[in-house]
Amino acid sequence: MPDDKNPLAQDRNRASRTRLVHGGTQRSGFGETSEAIFMNSGFSYPDSGAAEARFRGESEGHIYSRFSNPSVDMFQDRMAMLEGAEAARATATGMAAVTTALMAQLRAGDHVVASRALFGGCRFVIEDYLPRWGVNSTLVDGRDPENFASAMQKNTRAVFIETPTNPTLELVDIRAVADIAHAHGAKLVVDNVFATSVWQKPLQLGADLVVYSATKHIDGQGRALGGIILGSRELVEADIHTIIRQTGPSISPFNAWVMLKGLETLELRVEQMTRSAGKIADFLSAHPRVRRVFYPGNENHPQYDLARRQMQGGSNMIALEVDGNKQAAFECADALSVILISNNLGDAKSIISHPATTTHQRLSEEVRAELGIGDNLLRLSIGLEDVDDLIADLDFGLGKI
Ligand SMILES: *Cc1c(COP(=O)(O)O)cnc(C)c1O
């Protein structure tokens, strides 16, 4: 039995790296070291009275894995510790997390303000789906907080931002936007995928809810889809829990377990990827075939001061404009042999994508221009390979232009 007097017996006295390995673990009677996968849809009761009490909420315990499951609980608890959140609910995908977090804030007749530079699916939900349910939206250039202030209406109930943004790595001032949202009685929801919880903690900067696609850095090895919503007990355990319970965007216990194992190495991976990304951003900035590099960890990023204020690291994501057009971008990407062409990110494997023809293809040419997504833009997600190999690969690719 661990000694109760040992201060490290309590999670709150442990450092984040220790919590990422042990936080939230619930051992079964078998004393397994690695967390168990509770791959069951339902739970049985000792007698009918026990079932009745559990459904009435008079006794603790699981009922059905759409509502809760021990493996999912472990993932949620470990993530809540990392984020410094009171509560968390996992979902089947990142998009399920975004949609559920917004549904919980909005009713027909409400209005939402969002930054215009958003992950494709998020922009689709806000621009195309919410209006079907009577929720209108205003998209603004997120770089200047004043734009949010001017877009707020009497019925604005939610503000949704992503920072750094996909794919051009612009930043939004989380604290300033949180203050504006709160002054109007709206909740701020932050999609924190690009920065990760390792480098940015939106709840500490005033956000009400943080959402992740766990598919990205949290799994980090390209195996499973998942998402998670974090925030206060009041917001998460009431409406968000009920929406998941009643509409069913629940995560599979197996995927929750994959994410839980991913968390054990999250900090190590993200720190290593970020170190490599810093070196690669420097290499790209000095390359004659590269016109511009967008990297929040780089002093020449137009919002470098803000990056230093709200992020503890520059992230593993880089965007670059090659010297040329679409053909030049394709020539560079096609010549790479370590870096994969894919639209995923946050993976152990380095990835390159051409946003204008893939993730942002749906947008009109005007909107792409407004977002700075030119035909010569490439987005890189730096992985865990040897950084010199990655630099040599990129040097070879850029040489083909
Ligand atoms: C990938 C991603 C999502 C969606 O996550 P899925 O797990 O693919 O559903 C949302 N926001 C951002 C910023 C993402 O990168």
Side-chain angles (χ1 to χ4, degrees), residues 72 75 79 88-103 114-130 139 142 158-172 174 188-200 202 207 209-230 244 247-252 254-256 258-259 262-263 266 270 273 294 296 311 315-319 342-347 349 351-353 355 358-363 371 373 379-383:
V72 175
F75 170 47
M79 221 22 239
R89 286 293 179 277
T91 54
T93 64
M95 282 319 304
V98 169
T99 308
T100 303
L102 288 172
M103 271 175 78
S115 48
R116 64 188 187 186
L118 292 177
F119 178 78
C122 300
R123 185 158 170 148
F124 199 87
V125 167
I126 289 170
E127 247 192 327
D128 293 75
Y129 273 121
L130 290 183
L139 296 176
V159 175
F160 182 82
I161 60 170
E162 185 184 305
T163 178
T165 63
N166 179 34
T168 50
L169 305 168
E170 292 171 356
L171 305 187
V172 181
I174 299 173
L188 175 63
V189 182
V190 179
D191 181 335
N192 203 37
V193 165
F194 273 44
T196 78
S197 186
V198 176
W199 297 139
Q200 182 168 272
L209 290 171
V210 181
V211 293
Y212 289 98
S213 165
T215 315
K216 311 296 166 54
H217 308 73
I218 293 173
D219 169 25
Q221 289 157 85
R223 300 166 295 194
L225 294 165
I228 192 156
I229 308 165
L230 301 109
I244 294 173
T247 72
S250 320
I251 191 170
S252 151
F254 182 79
N255 286 7
V258 171
M259 300 309 173
L263 283 179
L266 177 73
V270 169
M273 289 166 162
F294 307 85
M311 299 174 75
S315 91
N316 75 314
M317 303 299 296
I318 304 171
S342 173
N343 42 279
N344 201 6
L345 63 105
D347 199 275
K349 294 176 171 59
I351 284 168
I352 197 162
S353 69
T358 58
T359 50
H360 293 73
Q361 183 194 139
R362 190 183 70 87
L363 302 176
L371 296 174
I373 305 172
R379 189 193 75 184
L380 277 167
S381 168
I382 302 304

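Bear in mind the structure is a predicted one, so any value in this text is a computation, not a measurement. Just so you know, these numbers use all the heavy atoms, side chains as well, and skip hydrogens, waters and symmetry mates. Each ligand, and each atom within it, is numbered from 1 in the order the structure gives.
For residues 116-128, the side chain to side chain donor-acceptor pair (under 3.5 Å) pairs, not counting sequence neighbours, are R116-D141, R123-E127.
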### Task
Carefully, step by step, assess E162 and V193 under the rule side-chain contact (heavy atoms from CB on, under 4.5 Å).
CA-CA 8 Å; E162 185 184 305; V193 165; over 6 Å; no
### Verdict with reasoning, I251 to I228, per side-chain contact (heavy atoms from CB on, under 4.5 Å)
CA-CA 9 Å; I251 191 170; I228 192 156; over 6 Å; no
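In this structure, the side chain of N166 does not engage the main chain of F119 through any donor-acceptor pair within 3.5 Å.
Open room surrounds OH on Y129; 12 or fewer heavy atoms of other groups in view lie less than 6.0 Å from it.
When every heavy atom of A319 is checked against every heavy atom of L169, the shortest pair comes out as N-CD1, 3.4 Å.
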Could you tell me, for ligand 1, which of its N or O atoms are under 3.5 Å from any protein N or O, listing the pairs and their distances rounded to 0.1 Å?
| from | atom 1 | to | atom 2 | distance (Å) |
| --- | --- | --- | --- | --- |
| ligand 1 | 5 (O) | S213 | OG | 3.0 |
| ligand 1 | 7 (O) | G94 | N | 2.8 |
| ligand 1 | 7 (O) | S213 | OG | 2.8 |
| ligand 1 | 7 (O) | T215 | OG1 | 2.6 |
| ligand 1 | 9 (O) | G94 | N | 3.1 |
| ligand 1 | 9 (O) | M95 | N | 2.9 |
| ligand 1 | 11 (N) | D191 | OD2 | 2.6 |
| ligand 1 | 15 (O) | K216 | NZ | 2.7 |

